[in-house]
Each structure stands twice: as structure tokens, then as C-alpha cells.
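A short write-up of the structure that comes next.
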Amino acid sequence: MNDKEMIKEVVNSVAQLQDMKQWERLEEYFVERPFIDTKSLSGELPAIIPRKRLIDGWSREIGSYFYATRHFIRRLAVRMQNSRRAKVTTTVENVHYVADRGERYAWTVRGSIDYILVKTANGGWKISQMIFKLQ
């Protein structure tokens with residue numbers, strides 16, 4: 001598998017693992033302290049945070065509010081910046097299934113996610129930056 005294919009697999013795996021609630025497996029796809037910016041959706045300030053805290057936050061949020069999610073990647077483009085760094089741009093549609101006071105509905109979020117991935121010493125790729133832009 002070439003670098004671009006490995007990078008695409010990382011990004012697709014993160015979306016799939018969130019939907020499957022495989023939180024412990026998600027950590028392997030991020031550097032120890034990635035830069036995360038989800039301000040346009042959550043209102044939280046962009047920050048460099050430990051990956052465990054990032055994943056634990058997703059687990060709490062998705063587990064508390066949504067009985068299921070489905071993350072669709074509509075477009076995924078990889079641009080190699082050099083042999084050890086790549087920029088990925090995606091267009092996403094994330095469907096969150098909510099059960100609230102006996103009512104069930106779907107909340108759909110559309111936007112884009114820009115990633116920076118870095119190549120590790122063992123030849124794999126990890127996410128070092130993730131910026132979500134709400135549409």
C-alpha cells in the first residue's frame with residue numbers, strides 16, 4: 001500500500017471506528033498531542049490536547065447524546081507536502097441519531113475536515129491536526 005492509500009485508510013478508519021464506538025482503537029490513529037479545532041461546531045477553542053482526552057470526550061459526547069452515529073466522507077483529497085507530511089481535505093456529512101424524551105430523530109451536520117498527517121518512524125501515518133468547519 002502506498003502512502004496516499006495508507007493516509008486515506010487512516011481518515012476512513014477514524015470515521016468508521018467512531019460509528020462502531022471502538023474508542024480504544026481510535027488512539028492509534030493520532031499523535032500523542034494533536035491540534036484540534038472544532039470551534040465552528042462545539043464552540044470550544046482550538047487547542048493541542050492529549051489524544052486520550054480527545055477520544056474520551058468523543059466517547060462521552062456520543063455515548064451521552066446519541067444512540068448511534070454515521071460519519072460519511074463524501075470527498076477525500078490527499079496532498080503530499082513532503083515525504084513525511086500530508087494534508088487531507090474531506091467533505092463530510094455526519095448523522096447523529098438522538099433519543100430524547102421518547103422522541104427519536106436524526107441530527108445531520110455537514111462540513112469539511114482538514115487534516116495534517118505525519119509519517120511515523122515505523123512507516124505508518126498519524127493525525128497531528130484536525131480542523132472541522134461547519135457548513
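Note: hydrogens, waters and symmetry copies are ignored here, and every other heavy atom, side chains too, is used.
The aromatic rings of Trp107 and Phe66 lie parallel to each other, with less than 30° between the two planes, well short of the 60° mark.
For NZ of Lys119, the number of neighbouring non-hydrogen atoms (other residues, nucleotides, ligands) closer than 6.0 Å is greater than 12. Counted within 6.0 Å of NZ on Lys21, heavy atoms from surrounding residues, nucleotides or ligands total more than 12; the atom is thus considered enclosed. More than 12 heavy atoms of other residues, nucleotides or ligands shown are found within 6.0 angstrom of CD on Glu5. Heavy-atom neighbours of Glu44 CD from other residues, nucleotides or ligands within 6.0 Å: at or below the threshold of 12.
Salt bridge present: Lys52 and Asp56 bring a charged side-chain N and a carboxylate O closer than 4.0 Å.
The structure places CD1 of Ile36 at 13.0 Å from CZ of Phe132, a figure rounded to the nearest 0.5 Å. The OG atom of Ser13 sits 11.5 Å away from atom CD of Gln22, with the distance rounded to the nearest 0.5 Å.
A distance-only check finds no donor-acceptor pair linking the side chain of Arg79 to the backbone of Thr89 [under 3.5 Å]. Here the side chain of Asp37 pairs a donor or acceptor atom with the backbone of Lys39 at under 3.5 angstrom. For the pair Arg51 (side chain) and Arg33 (backbone), a donor-acceptor distance under 3.5 Å is absent. Checked by atom type and distance alone, the side chain of Thr38 never pairs as donor or acceptor with a backbone atom of Ser42 at under 3.5 Å. Side chain of Ser59 to main chain of Ile55: no donor-acceptor pair is present (N/O by atom type, distance under 3.5 Å, no hydrogens or angles).
The cationic group of Arg104 lies under 6.0 Å from the six-membered ring centre of Tyr67 and within 45° of the ring axis, placing it in a cation-pi geometry.
No side-chain heavy atom of Glu93 sits under 4.5 Å from any side-chain heavy atom of Val109. Proximity of Phe30 to Leu54: side-chain heavy atoms (C-beta onward) are separated by under 4.5 Å at one or more points. Ser128 is not listed as a side-chain neighbour of Phe35, based on a closest heavy-atom distance of 4.5 Å or more. Two residues are said to be in side-chain contact when any heavy atoms from C-beta on lie closer than 4.5 Å; Arg84 and Val118 fail this criterion. Arg60 is not listed as a side-chain neighbour of Trp58, based on a closest heavy-atom distance of 4.5 Å or more. When side chains are defined from C-beta on, Asp3 counts as touching Trp125, because their heavy atoms get closer than 4.5 Å. Looking only at side-chain heavy atoms (C-beta outward), Val10 and Ile7 stay at 4.5 Å or farther from each other. For the pair Asn82 and Arg85, the minimum side-chain heavy-atom distance is below 4.5 Å.
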For side chain to side chain contact (heavy atoms under 4.5 Å, CB included), just list the numbers for Leu26 and Gln18, CA-CA rounded to whole Å, side-chain angles, deciding distance to a tenth of an Å, and then say yes or no. CA-CA 8 Å; Leu26 274 168; Gln18 284 177 324; 3.9 Å; yes
Does Ile113 form a side chain to side chain contact (heavy atoms under 4.5 Å, CB included) with Ile131? I'd like the steps, not just the answer. CA-CA 5 Å; Ile113 304 175; Ile131 300 171; over 6 Å; no
Let me see the working for Val14 and Gln16 under side chain to side chain contact (heavy atoms under 4.5 Å, CB included), right down to the final yes or no. CA-CA 6 Å; Val14 167; Gln16 291 170 350; over 6 Å; no
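The side chain to side chain donor-acceptor pair (under 3.5 Å) test with His71 singles out one residue from Asn12, Thr90, Asp19, and that residue is Asp19.
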